Amino acid sequence: PASPPDSPFDWAVLRGDIDRLRDYLNNDDIDAARLFERLRQPLSEIAAEATARLATEIDNYAFDRARVELDAVIATLPA
């Protein structure tokens, strides 16, 4: 299955969007902010504190620091 049975997320789609967000952050692309707004809720349910820090860094356009926080979120994702 694409996601665990008790999960409301399609993990394949979510991982693809996270990869795209990382690409945007790597390229200092302003589209990172728009994509993050779509991802904020599911990421908050997975890793609330790291997502809050990620939001702060993206809001401040501190994309280098945002990548560090995104990596923290990624580390909490199911395998």
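This one's a predicted model, so the numbers in the text were calculated from it and none came from an experiment. The analysis underlying the following values was restricted to heavy atoms, covering all of them including side chains, and did not include hydrogens, waters or symmetry mates.
You'll find the side chain of Leu77 reaches within 4.5 Å of the side chain of Trp11, heavy atoms only. Looking at Arg40 and Leu54, their side chains never come closer than 4.5 Å, going by heavy atoms from C-beta outward. Between Leu14 and Asp10, the closest side-chain pair of non-hydrogen atoms is not below 4.5 Å.
Residue Asp17 forms a salt bridge (Lys or Arg N to Asp or Glu O under 4.0 Å) with just one option from Arg34, Arg22, Arg38, and that option is Arg38. Partner of Leu21 under the side chain to side chain contact (heavy atoms under 4.5 Å, CB included) criterion, out of Ile74, Asp29, Leu39: Leu39 alone.
Side-chain heavy atoms closer than 4.5 Å link hydrophobic residues (I, L, V, M, F, W, Y) into clusters, and following such links, even through other members, never connects Phe63 to Val68. Residues Leu35 and Val13 fall into different hydrophobic clusters, defined by Ile, Leu, Val, Met, Phe, Trp and Tyr side chains chained together at heavy-atom separations under 4.5 Å.
The backbone N or O of Leu43 sits less than 3.5 Å from a side-chain atom of Thr51, completing a donor-acceptor pair. Judged purely by atom type and a 3.5 angstrom limit, Arg67 uses its side chain to pair as donor or acceptor with the backbone of Leu25.
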If you apply the rule salt bridge (Lys or Arg N to Asp or Glu O under 4.0 Å), what do you find for Arg20 with Asp23, and how did you get there?
CA-CA 5 Å; Arg20 190 166 359 135; Asp23 287 343; over 6 Å; no
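Other residues, nucleotides and ligands contribute over 12 non-hydrogen atoms within 6.0 Å of the CD atom of Glu37.
Within the model, atoms OH of Tyr24 and CG of Leu70 stand 13.5 Å from one another, a figure rounded to the nearest 0.5 Å. With rounding to the nearest 0.5 Å, the separation of CD in Glu57 from CD in Glu69 is 6.0 Å. With values rounded to the nearest 0.5 angstrom, Asp31 atom CG is found 15.0 Å from Phe36 atom CZ.
When every heavy atom of Thr76 is checked against every heavy atom of Ala47, the shortest pair comes out as OG1-CB, 3.6 Å.
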